[in-house]
2 protein chains.
Amino acid sequence: MDQKEIYEALAAIVGEDDVTIDPVELVAYASDASFLRAIPVAVVRPENKEEVAEILKFADENRIPVTPRGAGTSYAGQSLAYNNAILIDFVKMDKILEINLKDRVAVVQPGVIYGELNKELRKYGYCFPPDPGSAIACTVGGMVGNNASGIRAVKYGATVDHVLGLEVVLPGGKIIRTGGRVWKSSSGYNLTKLLVGSEGSLGIFTEIILKITPAPKYTAMIVPVFEKYEQGLEAATEIINTGILPSAMEILDDVCIMVLNSALKEQDRLPPAGAVLFIEVDGSNQEVVKEEAETVRKVCEKIGVKQIIYSTDPKRTEELWKLRHSLANLLAKLRGENIAINSIQDFAVPISHVPEAIKEVKALAAKYGRLMVAFGHIADGNVHLGSAINVEDPAQREMAVKFASEAVDIIIRKHGGTLSAEHGTGVSKAAFIELEHRDTLTLMRGIKKVFDPHNILNPMVMGLTEVPKDEFVYMAGVK
Amino acid sequence: MDQKEIYEALAAIVGEDDVTIDPVELVAYASDASFLRAIPVAVVRPENKEEVAEILKFADENRIPVTPRGAGTSYAGQSLAYNNAILIDFVKMDKILEINLKDRVAVVQPGVIYGELNKELRKYGYCFPPDPGSAIACTVGGMVGNNASGIRAVKYGATVDHVLGLEVVLPGGKIIRTGGRVWKSSSGYNLTKLLVGSEGSLGIFTEIILKITPAPKYTAMIVPVFEKYEQGLEAATEIINTGILPSAMEILDDVCIMVLNSALKEQDRLPPAGAVLFIEVDGSNQEVVKEEAETVRKVCEKIGVKQIIYSTDPKRTEELWKLRHSLANLLAKLRGENIAINSIQDFAVPISHVPEAIKEVKALAAKYGRLMVAFGHIADGNVHLGSAINVEDPAQREMAVKFASEAVDIIIRKHGGTLSAEHGTGVSKAAFIELEHRDTLTLMRGIKKVFDPHNILNPMVMGLTEVPKDEFVYMAGVK
């Protein structure tokens, strides 16, 4: 079936205004936050589940692959339309359908922006906590598809911990519902939690039912700067050992500090240092929050800080978070044109393995003569590592593949870690999935077949279809 | 293959001491906490995963069904060996393999008793919170198989929220691992959470990796007694509306109060009343816990209490919980020989639907001339309803089936509820599963086939194999 015929079939479903095959528009949809590229055969913007069902019926009958896409902020190519796929853009399914305080749920369409949903929930004193770095742009559908999380997962869990029910369209066009708005169920298999993180490969979400969580009333922020990276790691461990569960605990290394400083006014700059932590505590009682912040401060001072910023003022705290969140953009600017960060950027290891794992991967980078940034959500074992290469240089690409393979081996085989803590496997990490999941990959492929017998749903993700290793592994972005 | 041959094959794997076909012993394994009965062809007690693998290889090759069993405290027949199945008893795989405070995980064998694990964890200031009613007897393997929870799920979640990784034996004897000891992962499908609650139908657990949670340092208990049941429901709603998240909030109705009083000394008896709540608040700060308890007390007093018991003394609190937990045994005694409680005993509905759902099911019971008890975990929408029948009387059995069908219709179709909030679907609720899961049952059956192509693993549970309705629905126990 040629592009024109696909266009006409889709236009018959959604109308001509909501489908495009214009080459310029298609190129705008050809990338995500990785360096991977794939041009869709067509982009379609359905407005309701019935249209999604019609699209999937058409695609399934004609064996055309389909990729769902939220805001395209994914780091691993999972929202790209490989193999001339139809890209379904959820920009027109962006409604908050219901905020129900009595049932403590929110019901949303997949295209709703996470930040917008939280703004609305906070009016009622509630929130949906996972808080990924792309909070102001990413969609809830994308978060559910990737089991996204972020700085607050250590206390409040990842997306999977907050999804109660889904409305899902299957290939062929059948519309099903999993779970519901009950808070607890032990009835049947938990298909909802299986679908969370399935990266568009099992079904397409058209409605999402979320638990909502009371928003913390008070927060305090402590930002200690340490001479050595190891002191930062030690402080993180000691804080957890006090029994305090911070709502966020981020670590940034020396390179990250330099990068941040490059964007700050002189009076705001951090001293050159080995590590800075961004620690937040929260709660419903102001005194307790202050006490916990005091405890955190004392732990840091005991270990020995170069400088410490302390804030119980919400505005100042927000500024400090903005500083932390600016890092991704600053790193992206640094890497410039054609510079990609390798695909090991989102690993997690058991909590006690974090210091060793970082040390070993940094040593590996040094062996290859590569500068590496390390930052992340230290309290739950999730670390982002980044190292730039010029993707136009075949020698650097080859080196990146070798480096990534060795790094992944350290993370998974030596430390029992995972390829992806919160960004998803996508295409860029697909080549390594067997190393992590071994025999269970056969089960995953079997499950995929139950939902999607003709393999039309985002077939390139997660190693569900074999992926040529060298083409992808160096292509991921950095958070 | 006859029983003797099965015995010999199993004895060759585990040794003669760990397998039995003695009729008297088999009868001891023929029941669980429901009124269902099924006599296994043999009971086998493996000591390690290799033996489990050998057993499943043998069973799969010979197409003999297999049911795993923990403590047999299940309420829905899911630990019974239907169809002359081999019953695997995990009594010899009851070790706590590791408590790792640095990684904040516990690694256990499936046969470890929940209460024993928590006793051990509390030595280090940690716990595994779900706390089912059968805490002192049930196994962690059984909890994972059923996604069990209990009074503390409202604050701390169900079992599924605490399982990080599993070692699982598949039919044919392959040993796989899902997840691990990382706290966060977005890599591949979440098979761990799919296996939690699968009731032995997808694979047999041989090792379980659990998150551990800091045990709350302080608790307070408030037990208000209300004239009317509606006041109890109102108090529950008002407490949640204050923003306090109780660690437990239980409601008991008039019949439950009478039952409790029947076992209490005169001076300890509660006044005759419509409802009593058992509310617990907990935390790491004593003052905050006291303040929250005060707030709860004020809410209850405003609504109008007949009596209120208040405790910040851990011993007194423990006594009050013992009182609450004694209810199940007292009800069991009341029902006597041959008296079963119908299978709608464990539903959950969206939180705001609780009052209406209870009212309607009670009215239905009245229509059938049946006395009904209602109690449960009010704050997360999980209510236990029980109504006794004499299972020896065909007319009562017929009535029970009709009643259950109508009640389930109210719960699922009218209120969007679930058949089972924490006990599992098992065999007793299998006949209704299609009503709740509709089209997704086909997907569940497909997934079952991926893991278990010859349908040997607990095939009667969850409607994965069709179940004759009339034989089972009145047979469930009451919590």
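These numbers come from a predicted model, not from an experiment. Each chain gets a letter, A, B and so on, in the order its sequence line appears, and its residues count up from 1.
- Taking B:Gly188, B:Gly381, B:Gly197 one by one and counting their heavy-atom pairs under 4.5 Å with chain A, the maximum is reached by B:Gly188.
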task = Just do the side-chain contact (heavy atoms from CB on, under 4.5 Å) check on A:Leu419 and A:Val408 with the steps written out, would you?
result = CA-CA 7 Å; A:Leu419 275 178; A:Val408 164; 3.9 Å; yes

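- Residue contact with chain B, scored on non-hydrogen atoms closer than 4.5 Å, involves the side chain of A:Leu170 exclusively.
- For B:Glu287, no part lies near chain A; criterion is any non-hydrogen pair under 4.5 Å.
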inquiry  = Set out, in order, the CA-CA distance, both residues' side-chain angles and the distance that settles side-chain contact (heavy atoms from CB on, under 4.5 Å) for A:Asn190 and B:Val196, then state yes or no.
reply    = CA-CA 8 Å; A:Asn190 201 329; B:Val196 176; over 6 Å; no

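- In this structure, the portions of B:Asp103 lying under 4.5 Å from any heavy atom of chain A include both its backbone and its side chain.
- Scored by the salt bridge (charged side-chain N to carboxylate O under 4.0 Å, His left out) test, A:Glu294 finds A:Arg297 as partners (sequence neighbours excluded).
- When B:Val349, B:Leu191, B:Thr237, B:Ile240 are compared by the number of non-hydrogen pairs under 4.5 Å with chain A, B:Leu191 comes out ahead.
- Ion pairing of B:Lys414 with B:Glu356 is absent here, as no side-chain N (NZ or NE/NH1/NH2) approaches a carboxylate O to less than 4.0 Å.
- For A:Asp380, the parts lying near chain B are the backbone and the side chain together; criterion is any non-hydrogen pair under 4.5 Å.
- At a 4.5 Å heavy-atom cutoff, the contact between A:Arg181 and chain B is made by backbone and side-chain atoms alike.
- Between B:His377 and B:His384, the two ring planes are perpendicular [angle over 60°; tilted spans 30° to 60°].
- Using a 4.5 Å cut-off between heavy atoms, A:Ile433 contacts chain B through its side chain alone, with no backbone atom that close.
- When heavy atoms are compared at a cutoff of 4.5 Å, A:Ser201 approaches chain B by way of both its backbone and its side chain.
- In this structure, chain A has a heavy atom under 4.5 Å from the side chain of B:Ala153, while its backbone stays farther away.
- Proximity to chain A among residues 161-169 of chain B is limited to B:Asp161, judged by heavy-atom separations below 4.5 angstrom.
- At a 4.5 Å heavy-atom cutoff, the contact between B:Asn382 and chain A is made by side-chain atoms alone.
- Residues forming a ring pair (Phe, Tyr, Trp, His ring centres under 6.0 Å) with A:His415 (at least two apart in sequence, or on another chain): A:His353.
- Looking at B:Lys448, the atoms closer than 4.5 Å to chain A (heavy atoms on both sides) sit in the backbone and in the side chain alike.
- Contact record, B:Gly416 with B:Pro350: O-CD, 3.7 Å, taken as the closest heavy-atom pair.
- For the pair B:Lys155 and B:Asp282, the salt-bridge criterion is met [side-chain N within less than 4.0 Å of a carboxylate O].
- Looking at residues two or more places apart in sequence or on another chain, you find a salt bridge (charged side-chain N to carboxylate O under 4.0 Å, His left out) between A:Arg413 and A:Asp409.
- Taking a cutoff of 4.0 Å between a charged side-chain nitrogen and a carboxylate oxygen, A:Glu436 and A:Lys429 do not qualify as a salt bridge.
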